[in-house]
Visitor: 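Below are the C-alpha cells for one structure; questions will follow.
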Amino acid sequence: MEHSKLFTAVGNKELTFKNRVFMAPMTRGRSKDQVANDLTATYYAQRASAGLIFTEGTQISAQAVGWTNTPGIYTPEQIAGWKKVTRAVHEAGGLIIAQLWHTGRASHPDFHGGQLPVAPSAVPFNSQAFTPEGVKPSVTPRELTIDEIKATIADYEKAAQAAKDAGFDGVEVHGANGYLPAQFLEDGPNKRTDEYGGTVEKRARFLLESTDAAIKVFGPERVSVRLSPRIPYNDMGDSNLEETYMFAVDALEKKKVGILHFMEPAALPEGLKLLAPEARKRFSGLLVLNVGYDQKSAEGALQSGLADAITFGTLFIANPDLPERFRQNAPLAAADTATYYSGSENGYTDYPPLA
Ligand SMILES: Cc1cc2nc3c(=O)[nH]c(=O)nc-3n(C[C@H](O)[C@H](O)[C@H](O)COP(=O)(O)O)c2cc1C
C-alpha cells in the first residue's frame, strides 16, 4: 500500500507514535493476586510494535475490582509488577498507557466480602459478573455518598501517580462499556438529584473530575478518555445519547485531553446516527476509533480524516506483530476465545510472530 497512512507517525506535543496501529485495552485475567508479572511483561513486549498499547483495565482501588485475576495499580507490589511491563515494552521500542478502571455496579459482592458493589444509584440492572466462582448474575448496587465519590476521584489521582511511578507513558480513563464513569454519565443508571446527577452537566461531572485527576499527574497530552455511546454492554442506556456524549466530548476538548478513544462500529443498524463524525468535528486532539476495524476499513478512516489512529483488539491477541502483518499483507491468525480471560501462557504469549 503505497500511500498508506497506517504506518505513518502521529502524535502530540508529548508523545510520538511510530504508527497508527494501536492495541486496544483487553482484560486477560492472568494477574493472580492482582499483580502484573513476568508473563504480563512478555505479552505486552511481544506487541510493542503497536504505535501505542493500551493496557487491560486496571483497577484503581479495592472497591474498583470487578473481574477475576485482573491487575490493580494501587499497591507497591502492583506498581513493582507494572514496572517490569513498562520496562519490557520500552526496551522493545513501544509506548504503553495504563487503562484506569472502576467497575462500579458491574462488580459483585464476591469481590467485597459480601458487601454490595457501588454505583451512582441503586438501580436494578440486568448483566453478569465474572467472579472467582464463575459467571454470576449482577446485583442491585448501593448508592455512593458524596464523600465516597470524592474519595473515588482521589483514588483516580493516586492511581495515575502510581502509573507514573510505574513508568507508564500516560493513562486512559475507562469511561466506556458501562463501568463507573459511564454509569454516572448515562441517565439510565444515574438517578441522583445532587451535583452528580440530573442534568448532563451534573452527570458528566464524575467522568470529568476523574479526567482532571489524571491530567493533574500527567498533563493533558498523556491522558486518554475512552467512551462507548453505542455499546449497551452492562445494560446501559441514556434518553439522549448524542447530547450526553457530545457534551462530554466538548468538555474533553476544553480540557485539551490528548486522546479521545471512541468506540463505535463503522456501520450501525439502520436508523442510528454515527457519532464519530460529530466527535471529529468537536475534538481537535487525537481521535482514536475502535470496534470491528480491519486493515482496509482502518486505512479508510485514516484517509478520510475521520480518525488519527485505530485500536485493534482481537486481532492483537493472536497476531503479536500485527503492524508487520498488515505491512506485508500476511495471513492473520485467529484468536482462541476459550483462553481470552483465563489460562497461563496458553492463548496468551504463545501466539508466534511471522517466521
Ligand atoms: C478479551 C477481551 C477483553 C477486553 N477487555 C477490555 C478492557 O479491559 N477494557 C476495555 O476498554 N475494553 C476491553 N475490551 C474491548 C476491546 O478493547 C475492543 O473494544 C473490542 O475488542 C473491539 O475491538 P476489535 O473489534 O478490534 O476486537 C476487551 C475485548 C476483548 C476481546
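Remember, it's 1-based here, ligands and their atoms both numbered in the order they're listed.
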Visitor: Tell me whether the NZ or CZ atom of Arg28 lies within the 45° cone about the ring axis of Tyr348 and under 6.0 Å from its centre.
Guide: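 Here Arg28 fails the 6.0 Å and 45° test against Tyr348.
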Visitor: Identify, for atom 16 (C) of ligand 1, the protein heavy atom at the shortest distance, and state residue, atom and that distance.
Guide: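 Looking at atom 16 (C) of ligand 1, the protein heavy atom closest to it is Pro25 O, 3.5 Å.
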Visitor: Which of these, Ile73, Val35, Asn37, sits in a side-chain contact (heavy atoms from CB on, under 4.5 Å) with Trp82?
Guide: Ile73
Visitor: What atoms in ligand 1 come closer than 4.0 Å to a heavy atom of Tyr340?
Guide: 1 (C), 31 (C)
Visitor: What about Ala24: any of its N or O atoms under 3.5 Å from an N or O on ligand 1?
Guide: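 In fact, backbone or side chain, Ala24 has no N or O that close.
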Visitor: What are the atoms of ligand 1, with element, lying closer than 4.0 Å to any heavy atom of Met263?
Guide: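 Checking each atom against Met263, I get 19 (O).
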Visitor: So which heavy atom in the protein is nearest atom 9 (N) of ligand 1, and how far is it from that ligand atom?
Guide: Gln99 OE1, 2.8 Å
Visitor: For ligand 1, which atoms have a heavy atom of His174 less than 4.0 angstrom away?
Guide: 9 (N), 10 (C), 11 (O)
Visitor: So is Asn290 touching ligand 1 or not, going by heavy atoms under 4.0 Å?
Guide: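 The answer is yes: ligand 1 sits under 4.0 Å from a heavy atom of Asn290.
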Visitor: Taking only heavy atoms of Asn177, which atoms of ligand 1 are found under 4.0 Å from at least one of them?
Guide: 10 (C), 11 (O), 12 (N)
Visitor: Can you report which non-hydrogen protein atom sits closest to atom 29 (C) of ligand 1, along with the distance?
Guide: Met26 CG, 3.8 Å
Visitor: Out of all atoms in ligand 1, which are within 4.0 Å of some heavy atom of Gly292? Include the element for each.
Guide: 24 (P), 25 (O)
Visitor: Below 3.5 angstrom, do we get any N/O pair linking Thr314 and ligand 1?
Guide: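 Min N/O separation from ligand 1 is below 3.5 Å for Thr314.
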Visitor: Between Arg205 (side chain only) and Glu195 (backbone N and O only), is there a donor and an acceptor less than 3.5 Å apart?
Guide: yes
Visitor: Does Arg47 reach the main-chain N or O of Ile317 with its side chain, forming a donor-acceptor pair under 3.5 Å?
Guide: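 Checking the backbone N and O of Ile317 against the side chain of Arg47, a donor-acceptor pair under 3.5 Å is found.
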Visitor: Tell me, which pairs form a ring pair (Phe, Tyr, Trp, His ring centres under 6.0 Å) where one or both residues lie in residues 273-317, sequence neighbours left out?
Guide: Phe312-Phe326
Visitor: Among all protein heavy atoms, pick out the one at the shortest distance from atom 12 (N) of ligand 1; state its residue, atom name and that distance to 0.1 Å.
Guide: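 Result for atom 12 (N) of ligand 1: Arg226 NH1, 2.9 Å.
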Visitor: Report yes or no: does a heavy atom of Phe54 sit under 4.0 Å from some atom of ligand 1?
Guide: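 Contact check Phe54 vs ligand 1: negative.
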Visitor: Taking the side chain from Asn19 and the backbone from Gly51, do they hold a donor-acceptor pair closer than 3.5 Å?
Guide: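 Judged by distance alone, yes, a pair lies under 3.5 Å.
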Visitor: Take atom NZ of Lys18 as the centre, draw a 6.0 Å sphere, and report whether it contains more than 12 heavy atoms from other residues, nucleotides or ligands.
Guide: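 More than 12 within 6.0 Å, yes.
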Visitor: Can you tell me which residue and heavy atom of the protein come closest to atom 24 (P) of ligand 1, and the distance to 0.1 Å?
Guide: Gly313 N, 3.6 Å
Visitor: Say whether Ala176 and ligand 1 are in contact under the criterion: heavy-atom distance to a ligand atom below 4.0 Å.
Guide: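 False for this residue.
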Visitor: Any side-chain donor paired with an acceptor under 3.5 Å for Asn346 and Thr339?
Guide: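 Not at all, the side chains of Asn346 and Thr339 share no donor-acceptor pair under 3.5 Å.
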Visitor: Backbone or side chain, does any N or O of Phe312 fall under 3.5 Å from an N or O of ligand 1?
Guide: no
Visitor: Taking the side chain as C-beta and beyond, is there a heavy-atom pair between Asn190 and Phe206 under 4.5 Å?
Guide: no
Visitor: Is the number of heavy atoms from other residues, nucleotides or ligands within 6.0 Å of CG (Asp350) greater than 12?
Guide: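 Buried by this count: over 12 neighbours within 6.0 Å.
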Visitor: Any nitrogen or oxygen of Thr27, main chain or side chain, under 3.5 Å from a nitrogen or oxygen of ligand 1?
Guide: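 Between Thr27 and ligand 1, an N or O pair is found under 3.5 Å apart.
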Visitor: Looking only at protein heavy atoms, identify the closest one to atom 2 (C) of ligand 1 and say how far it is in Å.
Guide: Tyr341 OH, 3.5 Å
Visitor: Linking Ile, Leu, Val, Met, Phe, Trp and Tyr through side-chain heavy atoms less than 4.5 Å apart, which residues share a cluster with Leu268?
Guide: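 The other cluster members (ILVMFWY side chains, heavy atoms under 4.5 Å, direct or chained) are Leu272, Leu274.
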